[in-house]
Amino acid sequence: MSVEEMGPDDAILVAFLDDALSPEERASLKTRLAREPELKARLDALAGGSLPFRQSYDALAAHAPQARLKAILAASQTAIPASTANDNQKRSGWRVPPAAVAAALALFVLGAGIGHYLPPGLWPFPSGQHGDHDGPDAWRSTVAEYWGLTTSQTLDWMPNDVSTAQRDLAAATRRLGFPLTPDKISLPAQELKRVELFHYDNAPLVEIAYLDELTGPLAFCIYANNPGTVTPPTLEQRKGFNVVFWSDAERSYMLIGHGPDEIMQKLAAMLAKQIAA
């Protein structure tokens, strides 16, 4: 198979490389790898460097029906009564239509796949305020644009699975090279929903997503870019979000959401203290 083509097994192969499969899924894939030389060759190609990986997502981006997916999301939003469209509080009966969920997830995967989170130089969005997909703060602009696709409903349906969170934190620990434990990333009133592993400019980037009942989605990001300098938590507005960012010698951090300035700063200070402990 040409590297320009998106392989049918690429998603599970990438999950295998990221240690994101369950033990059963991993064992099943290993059995297939032992029996299928072409599948093993594809795994080796994806693991061997950024070129095949980049081209796989180029192919995905070229064929993805982004306009149709966005139209589904827009139609679903107009169908939601105004009184509930911006309601971040939990509801017992109402849920986002399945078509909207599917469209949001597809755009979510596409956005992660074709942007700087994987090989550099592929982020398709035009620059907005701050303008910069260059410079030391470029990663924060990229995260903010990507995070703009996430709503309370994106996270609300996700189950709170302790074993999955522990598995994902273990994978993030291996990728970042320092221990990420539940006590280091816990917040007092924000519910942990997912832990995801990305790459941005060839460095690991971990995104930890929470759901706040009052202010909606909240993300804590850890970027192993070796900034070399220590900077204190600083508040900024980026792409319509409140962002608090800081760094130590080895990693950069950001907390992004719609919480009030004071709350965001307090949560960031709490995370900074827990991470440094």
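Being a predicted model, the structure only gives us computed values, none of them experimental.
Note that CD of Glu213 is 10.0 Å distant from OG of Ser152, once rounded to the nearest 0.5 Å. For the atom pair Thr234 OG1 and Glu236 CD, the distance stands at 8.5 Å (nearest 0.5 Å). Of the inter-residue distances, the one linking Leu169 atom CG with Ile208 atom CD1 reads 6.5 Å to the nearest 0.5 angstrom. Once rounded to the nearest 0.5 Å, the distance linking CD1 of Ile185 with CG of Asp183 reads 8.5 Å. Atoms CD and CZ, from Glu250 and Phe178 in turn, are 9.0 Å apart once rounded to the nearest 0.5 Å.
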(request) For side chain to side chain contact (heavy atoms under 4.5 Å, CB included), just list the numbers for Leu13 and Leu29, CA-CA rounded to whole Å, side-chain angles, deciding distance to a tenth of an Å, and then say yes or no. (result) CA-CA 8 Å; Leu13 291 175; Leu29 182 58; 4.2 Å; yes
(request) Apply side chain to side chain donor-acceptor pair (under 3.5 Å) to Ser22 and Glu25, showing your working. (result) CA-CA 5 Å; Ser22 68; Glu25 291 170 327; 3.2 Å; yes
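The shortest distance between side-chain heavy atoms of Pro204 and Ile222 does not fall below 4.5 Å. At least one side-chain heavy atom of Val195 sits less than 4.5 Å from a side-chain heavy atom of Val206. Using a 4.5 Å cut-off on side-chain heavy atoms (C-beta onward), Phe241 and His258 make contact. Here the side chains of Leu267 and Leu218 are in contact, with some heavy-atom distance below 4.5 Å. A 4.5 Å side-chain heavy-atom check between Leu211 and Gln190 finds every atom pair outside the cut-off. Side-chain contact check for Lys30 versus Phe16: some heavy-atom pair is nearer than 4.5 Å. Contact annotation: the side chain of Ile275 approaches that of Phe220 to within less than 4.5 Å [non-hydrogen atoms, C-beta and beyond]. Two residues are said to be in side-chain contact when any heavy atoms from C-beta on lie closer than 4.5 Å; Glu36 and Lys40 fail this criterion.
Between Pro233 and the options Val244, Leu255, Leu271, a side chain to side chain contact (heavy atoms under 4.5 Å, CB included) holds for only Val244.
Note: Trp246 and Tyr253 meet the aromatic proximity criterion, with ring centroids under 6.0 Å apart. Ring pair Phe198/Tyr223: centre-to-centre distance not below 6.0 Å.
Applying the side chain to side chain donor-acceptor pair (under 3.5 Å) test to every pair with at least one member in residues 259-272, sequence neighbours left out, gives these pairs: Asn242-Asp261, Glu262-Lys266. Applying the side chain to side chain donor-acceptor pair (under 3.5 Å) rule to pairs touching residues 224-233 yields Asn225-Ser252, Thr231-Ser247, sequence neighbours excluded.
One side chain, Thr151 or Thr154, offers a donor N or O that lies under 3.5 Å from an acceptor on the other. With no hydrogens or angles considered, no side-chain donor-acceptor pair links Ser163 and Gln166 at under 3.5 Å.
Across all non-hydrogen atoms, the minimal contact from Glu207 to Cys221 is CG-SG, 4.0 Å. In terms of heavy-atom proximity, Arg238 sits nearest to Ser141 at NH1-OG, 2.5 Å. Contact detail for Leu155 and Trp147: the closest heavy-atom pair is CD1-CH2, 4.5 Å. Heavy atoms only, all atoms of each residue included: Pro179 and Lys184 are closest at O-CD, 3.3 Å. In plain terms, the two heavy atoms of Leu192 and Ala165 that are nearest each other are CD2-CB, 4.1 Å.
Evaluation of the side chain to side chain donor-acceptor pair (under 3.5 Å) rule for Arg167 yields no partner, not counting sequence neighbours.
Side-chain atoms of Asp137 do not come within 3.5 Å of backbone N or O of Arg140 as any donor-acceptor pair.
In this structure, Asp156 does not pair ionically with Lys193, as no charged nitrogen and carboxylate oxygen lie closer than 4.0 Å. Using a cutoff of 4.0 Å between basic side-chain nitrogens and carboxylate oxygens, Glu24 and Arg26 are not scored as salt-bridged.
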